[in-house]
Amino acid sequence: MVALVAAASLAVLALRPAERQHGGDADYVVVAAAAGLRWEDLDPQRTPALWQEASKGSVGWLSVRSAHAVTCPSDGWLTLGAGNYAAWDTRAVSGRCPAAEPRLVRPDGIGANLTDQPTVVRTNQDRLPYGTTPGALAESVRCTVAVGPGAAIAAARPFGRVDRYVPELPAEPARLLRDCVLSIVDLGTINGAGAERRAAVEAADRTLARVLAARPPHSLMLIAGLADTEATSRLHVAIAEGPGWETGWLTSAGTGREGYLQLVDLAPTVLAALGRPVPEKLFAGYPAAVSPGRTVDPAGAMQGGQDADRRAIAQRGVAEIFFTVLAILQAVLFVAVIPVLVRARRHAGPLGPPLPPRRLVDLAEAALLAGGLAIPAALLADVVPWWSSAHPAWMFGSATAALMILGTLLIRLAPRYPRTLWPMAAAAAVAVLVVTVDLATGARLQLNGVAGYSAVHGVRYAGLGGVGLGVFVAGLFLLAGSLAQWVTRRWRPLVMVIFGGLGVVMVGSGHMGADPVGAIAVTAGACVAAAISTGGWLTFPRIAWAALTGVVVTITFAVLDLRRAPLEQGTLGRFLTSLADGTAGPSVQRAAAANGQALVDSPLTLLALLGAAMLAFCQFSPWGGLNRVYGLHPAVRGGVAGTAVATVIAGVLGGTALGSAGAAAAAAVPVAVLTALRVLLHAADRTPPPGETDGPGGPLLRKSDDDPVTVS
């Protein structure tokens with residue numbers, strides 16, 4: 001049965017989502033870009049050319065991540081021309097970004113030389129961890145045309161030469177746009193707000209109208225808002241219009257999400273449309289594809305309730321508030337419950353302190369249960385359009401609190417609530433159910449969700465995020481540990497393996513979690529959980545068998561991933577491919593840098609440390625009760641250990657440090673403390689009636705009105 005579970009897991013991992021339709025080929029490509037252009041800037045009366053292109057072509061939200069913390073106009077243009085994450089200037093930015101004003105010389109009156117290009121190339125190759133070669137796009141075609149200073153940055157070759165250059169669009173641009181297969185036009189920079197911004201957008205639209213009137217036949221138009229203009233990151237406009245690009249959603253293998261495109265995807269899209277090979281070792285993105293199904297009206301598709309940019313802005317502020325408040329509240333909760341645990345401890349003599357009052361125990365259990373449901377409730381709260389409120393933090397907090405209270409009441413009022421492991425199993429089942437339903441419906445709750453991930457960050461756009469992974473793994477292994485107590489000892493490892501196999505399928509499948517690194521981490525956690533679910537410790541034979549199983553699953557998954565086409569490979573396949581061709585160094589550097597930043601900046605780190613401290617306190621203090629829980633319910637100990645192993649591995653390999661572990665701790669530690677409290681209260685009674693039992697889940701806890709706490 002274990003072999004069948006493993007085989008089924010790997011078979012599902014081998015499946016990939018159906019391929020999306022690639023756009024049509026073109027004889028020419030014209031890239032018209034304006035730094036700062038957002039969907040809210042488009043209007044059918046004020047910007048008729050942009051509105052026409054958005055109505056006819058395929059559209060999406062563009063994530064403008066570059067090698068710079070803030071993608072200013074020069075960084076955006078340079079990333080476009082490099083096809084990889086690049087930075088024009090590595091200095092910190094505060095307030096408004098500087099304009100793209102490269103130093104150009106024109107010795108022959110035809111092209112131009114970008115005098116700063118050699119320095120920029122050295123900076124990107126020697127100081128930044130992306131292995132970027134500025135000018136890789138221009139090197140992949142015979143010649144390029146650049147109109148405007150920003151376009152010159154994108155069209156310059158690595159040594160600084162721009163093949164054809166004019167500072168402004170000429171009165172008759174048709175001949176210029178036919179000189180080369182690739183033309184790049186700077187539509188200007190969209191800055192500020194109010195009248196200033198409207199004037200800049202209208203000027204860009206007038207320039208675009210002239211480009212459209214003079215575009216070569218059988219050409220592809222790519223229109224992009226390829227940079228931010230302030231320190232706050234946003235989502236921007238992406239439009240592809242031409243034969244084969246009609247009325248769809250833009251996407252790519254790099255995002256895996258309809259309607260989302262990365263800035264690094266534009267260069268591969270240009271070459272794919274022209275039928276030119278993509279330099280895989282240099283480009284970080286993937287050619288854009290078209291998914292059907294969007295409405296013709298751009299306002300209905302990109303604005304209103306569907307405005308991903310507005311939701312992402314609200315998400316950024318609310319997420320920081322939520323996790324900070326959650327960490328503070330859980331710290332207060334853990335400190336407050338310690339006296340209850342002390343009084344619940346069994347004492348040897350008749351002069352020990354009295355047991356805690358019934359109402360105090362009820363209050364502590366309710367608070368711990370609500371704490372364990374906080375992140376699942378936050379995921380569900382994204383069903384409510386809180387981001388459209390004038391006070392999104394208050395609306396989101398109210399929705400989350402209401403769901404926490406509702407979940408606590410439903411679990412508390414269940415007939416099986418008095419059983420020792422019921423609150424843990426029920427809270428774990430809620431976490432697993434919420435994440436599973438979200439993944440089955442396209443991970444819509446996690447995308448730009450408070451307990452999910454933001455498309456603005458440019459790291460993940462679909463599948464299972466770090467927070468969702470932590471909650472799912474904690475719920476999965478705690479539920480498996482609770483259920484394994486209802487079978488005989490010899491079958492408990494099988495229960496853990498079955499749940500672990502299901503977790504690998506959910507996390508690693510391209511249809512669901514789309515996180516192969518997380519799937520490998522879940523495999524390691526399941527091995528550890530199964531090894532100690534029958535009691536005892538991690539002996540050498542158990543470690544050896546667990547390690548061997550993890551290695552076999554990892555190697556098999558890697559082989560399956562490497563057999564796919566390059567554009568269909570997952571994270572593991574891409575990393576192994578880069579390892580084979582010698583380009584894995586930048587990936588390792590990026591992961592290390594991301595781990596360092598997440599370790600310092602994320603409130604989830606505090607949640608992980610708080611959870612670890614509370615578990616250690618409950619296990620090693622004489623009144624903590626966790627050792628008694630592990631002794632009575634060894635499968636629960638296996639679940640806790642498997643959760644810790646899986647989330648730490650997933651965080652380190654995935655670049656989120658203790659992010660997944662923090663989410664797992666927020667969900668698992670409160671219900672683990674609740675279970676320890678119950679076991680201590682059970683142990684306080686020295687005279688249970690003979691034969692009275694509650695099965696493998698533990699004795700039945702009853703409460704009377706006369707005694708503070710009695711056990712029968």
Side-chain angles (χ1 to χ4, degrees), residues 323-338 340-342 364 367-369 371-375 424 427-428 431 451 466-478 481 518 521-522 524-525 528-529 532 537-538 595-631 633-634 636-677 679-680:
F323 285 110
T324 301
V325 171
L326 179 60
I328 294 172
L329 291 179
Q330 288 211 352
V332 172
L333 177 61
F334 292 155
V335 171
V337 83
I338 287 177
V340 184
L341 290 169
V342 172
L368 290 168
L369 189 55
L373 294 174
I375 295 184
M424 174 182 285
V467 173
L469 177 64
V471 173
F472 177 75
V473 169
L476 185 76
F477 285 136
L478 291 184
V522 173
V528 171
I532 62 175
W537 300 96
L538 275 175
N595 278 321
Q597 183 176 0
L599 193 65
V600 175
D601 296 341
S602 176
L604 290 166
T605 300
L606 181 58
L607 281 168
L609 297 177
L610 283 172
M614 191 62 186
L615 287 180
F617 209 55
C618 289
Q619 182 170 357
F620 299 114
S621 65
W623 43 261
L626 205 55
N627 268 334
R628 188 179 293 270
V629 173
Y630 292 160
H633 312 291
V636 171
R637 186 185 67 161
V640 172
T643 298
V645 169
T647 53
V648 170
I649 291 176
V652 172
L653 296 182
T656 59
L658 295 179
S660 295
V669 174
V671 292
V673 174
L674 188 157
T675 306
L677 174 61
V679 168
L680 287 173

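Atoms considered below: every heavy atom in the structure, side chains included; atoms not considered: hydrogens, waters and symmetry mates.
Note that the CZ atom of Arg628 and the NE2 atom of His633 stand 10.5 Å from one another [nearest 0.5 Å]. A distance of 12.0 Å separates CG of Leu677 from CG of Leu626, quoted to the nearest 0.5 Å. The CG atom of Leu610 lies 11.5 Å from the CG atom of Leu604; values are rounded to the nearest 0.5 Å.
Between Leu478 and Val640, some side-chain heavy-atom pair lies under the 4.5 Å cut-off. Between Val467 and Ile375, the closest side-chain pair of non-hydrogen atoms falls below 4.5 Å. A heavy-atom distance below 4.5 Å is found between the side chains of Val522 and Phe477. By the 4.5 Å heavy-atom criterion applied to side chains, Val473 and Ser660 are not counted as neighbours.
The minimum heavy-atom distance linking Thr643 with Ala664 is given by the pair CG2-CB, 3.8 Å. The shortest non-hydrogen separation linking Ala431 to Gly475 is CB-CA, 4.4 Å. Between Leu368 and Pro670, the shortest heavy-atom distance links the atoms O-CB, 3.2 Å. Annotation for Gly470 and Thr647: closest pair CA-CG2, 4.1 Å, computed over non-hydrogen atoms. Across all their heavy atoms, Ala661 and Ala608 have their closest contact at C-CB, 4.1 Å. Minimum interatomic distance between Ala676 and Gly625 (heavy atoms only, all atoms of both residues): CB-C, 4.0 Å.
Here the side chain of Gln330 pairs a donor or acceptor atom with the backbone of Ala666 at under 3.5 angstrom.
When the side-chain contact (heavy atoms from CB on, under 4.5 Å) test is applied to Ala374, the partners found at least two apart in sequence or on another chain are Leu326, Met404. With sequence neighbours excluded, the residues that form a side-chain contact (heavy atoms from CB on, under 4.5 Å) with Ser621 are Trp623. Every residue meeting the side-chain contact (heavy atoms from CB on, under 4.5 Å) condition with Val669, not counting sequence neighbours, appears here in chain and number order: Phe334, Met614, Leu615, Ala665, Val673.
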Given side-chain contact (heavy atoms from CB on, under 4.5 Å), test Leu341 with Phe617 step by step and report yes or no. CA-CA 11 Å; Leu341 290 169; Phe617 209 55; over 6 Å; no

